[in-house]
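Read through the structure below, which is laid out as C-alpha cells, and then see the notes.
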Amino acid sequence: MASLQGRHALVTGGGRGIGRAIAAALTQAGAVVTIAGRNDKALAEVVGQGEAAGHVVADVTDSKAVDGGVRQAVAARGPIDFLVANAGTAKGAPFPKTTPDMYRDMFAVHVLGMLHPVQAVIGGMTERGFGRIVAIASIAGLKGYANMAPYSTAKHAMVGLVRSIALETAGSGVTVNAVCPGYVDTDLIGGAIDRMIAKGMSREAALAHFTSDVPAGRLTRPEEVAEAVVYLCSPNAAAVTGSTLVIGAEGP
Ligand code: NDP
C-alpha cells in the first residue's frame, strides 16, 4: 500500500459512490481527506465513519462555492496536495431526443465541475512544486456511447482538459491524469437499471446490458477505481501525466 502520509486530498462528490471509495482508500493510505459535495448530511456521515477527515459543502458547477470550499478546506487542513475531480451525474437519450440543455448540464458538472476546483488549487500546487490532479472521466470519454451523447461529449472534453493541463504543468512537479472507468456499481448505474426495469425489462436483462461486453462479466467495484487513484497520487506515479487509465475494458 502506497504511503500518502500527511498529504491533503480534496475529493469532489465524496459523499457516496466512487468518490466515497476514493476518500476511504486515500485515508487508508495515510492522506488527510476533505470531501466536497452538495449534501451536508451524507458528507458528515462519511466523515463520521472515519473515511474522511472533514467536509465542505459546494456545488462544483458554482465557481464561488468551490473557491469558498477550497479556502475552508485549506484553513482547516492545509494546502491541497491531491485533487480528485469526481463529482458527476449522467444524462442521455437517443440523439434526436437530446436537447442543448442536456449538453449544458453535462458540461456544467463534468467540465466546469473539474475546471473550478483545478483553478482553485493549481496555482498553489505549481508554487510548491508538487501536486496530483486526478479526474474521474469515463470510458465514455474515450469512445462514443450510444444514447449517451451529452454525457460522452462532456467526458471527452474532460479528457481534453486533462491532456492540455498536463502539457502546461509538465516538469513542474504537478501531474494531471484521468481515470476512465467502465460501468461501476453505484447509484448512478443502479438508477439506470431501475429505469430500465420500470420500462418492462427484467433485472437480469438490465444488468446484462451493462456487463455483456465486459471481460470480467460484472460491474466494476468503486474500490477498484479508488485503487487507481491511490496509485496516481503515489510517489511511484511521479512520471505519469496526461494519461488515461482505463478501469474495465475499452473495447472497440
Ligand atoms: P454517484 O451518483 O454514486 O455519486 C455522484 C457524486 O457526485 C455524489 O457524491 C454527488 O453528490 C456528487 N455530485 C453530483 N453533482 C454534483 C455537483 N453539482 N456538485 C457537487 N457534487 C456533485 O455516481 P458515481 O460514484 O457512479 O460517479 C462518480 C463519477 O464517476 C462521475 O463523474 C461519473 O460520471 C464517473 N463515472 C461513473 C461510472 C459508473 O458506471 N458509475 C463510470 C465511469 C465514470 P450529491 O448529489 O450528494 O451532491
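When reading the values below, keep in mind they use all heavy atoms of this one structure, side chains included, and skip hydrogens, waters and symmetry mates. In listed order, ligands and their atoms are each counted from 1.
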- Using a strict 4.0 Å cut-off to heavy atoms of D187, name the atoms of ligand 1 that fall inside it. 3 (O)
- Query: Applying a 4.0 Å heavy-atom criterion (strictly less than), which segment of H110 is in contact with ligand 1: side chain, backbone, both, or neither?
  - Reply: side chain
- Run the numbers for me: atoms of ligand 1, each under 4.0 Å from some heavy atom of G182, listed by number. 38 (C), 40 (O), 42 (C), 43 (C)
- Query: Closer than 4.0 angstrom: is that true for some heavy atom of A36 and an atom of ligand 1?
  - Reply: no
- Counting each atom of ligand 1 from 1 as listed, which ones have a heavy atom of G17 under 4.0 Å away? 3 (O), 25 (O)
- Examine T61 against ligand 1 and note whether any of their N/O atoms are separated by less than 3.5 Å. no
- Item | Nitrogen or oxygen of P181 less than 3.5 angstrom from that of ligand 1 | no
- Geometric N/O contact V109 with ligand 1, under 3.5 angstrom: no
- In terms of side-chain heavy atoms, does H8 have a donor or acceptor partner in T34 at a distance below 3.5 Å? yes
- Query: Rounded to the nearest 0.5 Å, what separation is found between the CD1 atom of I193 and the CD atom of E204?
  - Reply: 10.5 Å
- Item | SB check D67 K64 (cutoff 4.0 Å) | no
- Task: Indicate the atoms forming the closest heavy-atom contact of V230 with A29, along with that distance.
- Result: CG1-CB, 4.2 Å
- Verdict with supporting geometry, R38 and D62, salt bridge (charged side-chain N to carboxylate O under 4.0 Å, His left out): CA-CA 11 Å; R38 295 169 300 182; D62 177 345; over 6 Å; no
- Message: Are any of the N/O atoms on G14, whether in the backbone or the side chain, positioned under 3.5 angstrom from an N/O atom of ligand 1?
- Response: no
- Note on the structure: atom 22 (C) of ligand 1 has as its nearest protein heavy atom A87 CB, 3.5 Å
- Item | I189: numbered ligand 1 atoms lying under 4.0 Å from its heavy atoms | 39 (C), 40 (O), 41 (N)
- Minimum heavy-atom separation for S63 to H116, with atom names? CB-CD2, 3.4 Å
- Query: Atom OH of Y183 and atom OG1 of T220: how far apart are they, to the nearest 0.5 Å?
  - Reply: 11.0 Å
- Note on the structure: Note: heavy atom closest to atom 33 (C) of ligand 1, options Y183, F210, Y151, belongs to Y151
- Item | Per-residue contact class, A140 against ligand 1 - non-hydrogen pairs under 4.0 Å | neither
- Under 4.0 Å from any heavy atom of A58, which atoms of ligand 1 are there? 19 (N), 20 (C)
- Message: Quick test of your reading of the model: are D187 and R16 salt-bridged, counting only N-O distances below 4.0 Å?
- Response: yes
- Item | Atoms in ligand 1 flagged as close to G13, the criterion being non-hydrogen separation under 4.0 Å | 6 (C), 7 (O), 9 (O), 12 (C)
- Note on the structure: T126 and S172 have their tightest heavy-atom pair at CG2-OG, 4.0 Å
- Note on the structure: For R128 and I80, the nearest pair of non-hydrogen atoms, with its separation, is NH2-O, 2.9 Å
- Query: Is S138 in polar range of ligand 1, meaning some N or O pair under 3.5 Å apart?
  - Reply: no
- Between D59 and ligand 1, does any nitrogen or oxygen pair lie at a separation below 3.5 Å? yes
- Message: Nearest non-hydrogen contact with atom 45 (P) of ligand 1 belongs to which option: R38, M158, M106?
- Response: R38
- Query: Out of N86, V66, D105, who gets a non-hydrogen atom closest to atom 28 (C) of ligand 1?
  - Reply: N86
- Message: Regarding D105 and K91, does a basic nitrogen lie under 4.0 Å from an acidic carboxylate oxygen?
- Response: yes
- To the nearest 0.5 Å, atom CG of L10 lies from atom CZ of F82 at 12.0 Å
- What part of T186, side chain from CB on, backbone N/CA/C/O, both or neither, has a heavy atom under 4.0 Å from ligand 1? side chain
- Message: Looking at ligand 1, is there an atom of it that comes within less than 4.0 Å of some heavy atom belonging to A137?
- Response: yes
- Of the non-hydrogen atoms in A206 and I197, which two are nearest, and what is the gap between them? CB-CG1, 4.5 Å
